[in-house]
Every structure is written in structure tokens, then in C-alpha cells.
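Scroll down for the structure; my scribbles are underneath it.
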Amino acid sequence: MNADPTPTRPDRNLALELVRVTEFAALAAAPLVGRGDKEAADQAAVDGMRYALHSIQMDGTVVIGEGEKDEAPMLYNGEHIGDGSPPEVDIAVDPLEGTTLAAHGMPSALAVIALSPKGTMFDPGPCVYMEKMAAAHEVADLLDLDRPLSDTVKLVAARKGHAIGDVMVVVLDRPRHEAGIREIREAGARVRLISHGDVSAALLAVTERSPVDLLWGIGGTPEGVISAAAIKCLGGQLLGRLWPRDEEERTAALDAGYDLDRVLDRDDLVAGEDVFFSATGITDGDVLQGVRYPSAGGATTESLVMRSRSGTVRRIRATHDRAKLRALGGDRRFG
């Protein structure tokens, strides 16, 4: 008997299901953009994301979420999400990355989610912040958190065949970065300061034809894990080292067994080989267009949907009927 010529069917691409999750979060938060209430915008995104997540066929555990259960009644660390059926996965969520950006109507607010096989996502424990560096694959081997920043930007310029003055480094605008910013500028490179949005900035640093060559600075550890998931799909590298804010946090991390000198790369932060990532724009930015209302009852979204195993990156533009969404979402508002 001849072998069955039918090729093996590919397993499910969860990323294509997750795009509905980030779309729901973005559409729920969008009516609150520019209203000055970041807590309300964040809660709307959480409500929208959690509602959509429970329809996904998976047995998920939130590893990176909104905080501990007593502080976050929904999408808290350790919460089980999905309908309970296989596969078992770790979940990292940021329903509204850039709460202040959304509240003030500023660019680059996103709804993001990442999944990987169970037990493969790094749990940052008590460490809220980490030092990070990220760049695209062509200069990924040049990243080094211990080398002077001035030397790294010069190496990046040489590798890309650019003048040093053409190199752009994206950095969070914080007092803790003043010395690093000065070093970059004194080397002759440029700095693009952002007020918020670690994940959006990391995506920008590894995206082709981006105006940014490198991300550097101390930002959120949860955002570092989510960024690592995206970078595993897009290519490139992210390095991170835990950065305790004070002696109490340092002691807690050491007592929990964390090595504070260790430099973690993207595979340490997300060890799984089948990683899924979805992001939907809430406000317009360099990476994604935000939610727009082209008609009284309609809305449009743009999303970035990726899977590491296949290396597929999709950019999805969708139109939505807000009246139908309100009917589906019960009391959740979509504008």
C-alpha cells in the first residue's frame, strides 16, 4: 500500500487567534484616548482583553500580567486563561502599553500579548526593572551591556557602513539615563527620547527600515520579557540585566535565587521555540497605526501578528462594526 500522500497538517497558529484579543483591548481603550484618565483606559483594555482571551482554545497561565492577585483582579500573575484545552502555555500581557500615552492622546500606545510553551517564560520575581539593549539581527552580535556605550554605537555605525552621526539610539527620558545619553551624544550619535513605551521602542529597534538603530536603557522587566518574545519572532537580539531599585528589592531578589550579574538574552527571557506575539495599535505610532473611526459606526485597527517557529510576520488591517462589537461584548464599550 502506498503511503498517504496528504501532507501533515500544520498545528494551530495561535497568533491568528490572539489578534482578536489585542484588537478587543485596543477597541475598548480607544474611546478613552485623550481623556486624561489612564486608569480608566487601562481598565477598559484589561476588560476587553480578558473577555476575548476566554474564548481561545488553550490552557494558559499568566506569567507577566497586571500584578499580583490582590492588586489586579483580572489578568493577574498566575491567573488561568483560556478554555482549559491544550496546548499549555505561558502568557505575557500588557493590555495597554503606554497608559499615559493613551490618556494624553500621545503616539505609540499598544495592546500586546505573547505566548510560549508552558514553563518557558522568565519570571522576573521582585525585580521590576532591568537594563536593556536591543537591535536588529545585522548588529545583534555587537550588543554588550558592559562595553562603553560610545564604543557600541561606533561599532554599529561601522557594521552598517554609516557615519556615526547617522546612528540613532532610542532611550526612555528618565534622569537615570542622563550619563548614558551624554555618552551617546559625545560619541557623535543621536538620541531619540521617548516618554513611555518600552515594547514599542524595542519593536522599532529591530524593525527593517526603521529610523532607530539601537535601544538602550533601564525599563520594565515585564516589558523586557514581552519584547523578547516579539524579537524571537522578528529576529534580532535583546540583552537584559536585572536592576533592583533599592537594597530591599536587591535582597529579595538574591534571597529568591536571582543572579543580578547575569546578562539574559532573548532565549533566556523566552526559552520556547514556538512563540506567538500580537500587538494592535491604540494610538498612531512608528510601528502601528492606532484605532481610527472612519464612519459613525465603524472602526479600523492595525495589528502586527507573528510566530517564531515559522518566522511569519503579518500586518493585519481590519474594519469593525462597533454596534455589533457592543452586542458581543455585553456592557463593554467600543465607542
Can you tell which of [options] makes a side chain to side chain contact (heavy atoms under 4.5 Å, CB included) with [X]?
| X | options | result |
| --- | --- | --- |
| Ile113 | Asp94, Ile226, Leu75, Leu53 | Leu53 |
| Lys232 | Gln237, Arg266, Met306, Arg307 | Arg266 |
| Leu214 | Leu142, Val206, Leu143 | Leu143 |

Looking at [Y], is its backbone amide N or carbonyl O close enough to the side chain of [X] to form a donor-acceptor pair, meaning the two atoms are under 3.5 Å apart?
| X | Y | result |
| --- | --- | --- |
| Ser210 | Ala205 | no |
| Arg315 | Leu288 | no |
| Asp83 | Asp59 | no |
| Lys154 | Gly188 | no |
| Asp173 | Ser195 | no |

Got more than 12 heavy atoms from elsewhere within 6.0 Å of [atom1], [X]?
| X | atom1 | value |
| --- | --- | --- |
| Arg314 | CZ | no |
| Tyr129 | OH | no |
| Arg35 | CZ | no |

Identify whether the distance between the nearest side-chain nitrogen and carboxylate oxygen of [X] and [Y] falls below 4.0 Å.
| X | Y | value |
| --- | --- | --- |
| Asp213 | Arg159 | no |
| Glu79 | Arg50 | yes |
| Asp261 | Arg241 | no |
| Lys160 | Asp166 | no |

* To do: Check whether the side chains of Thr280 and Thr301 place a donor and an acceptor atom closer than 3.5 Å, and report yes or no.
  => no

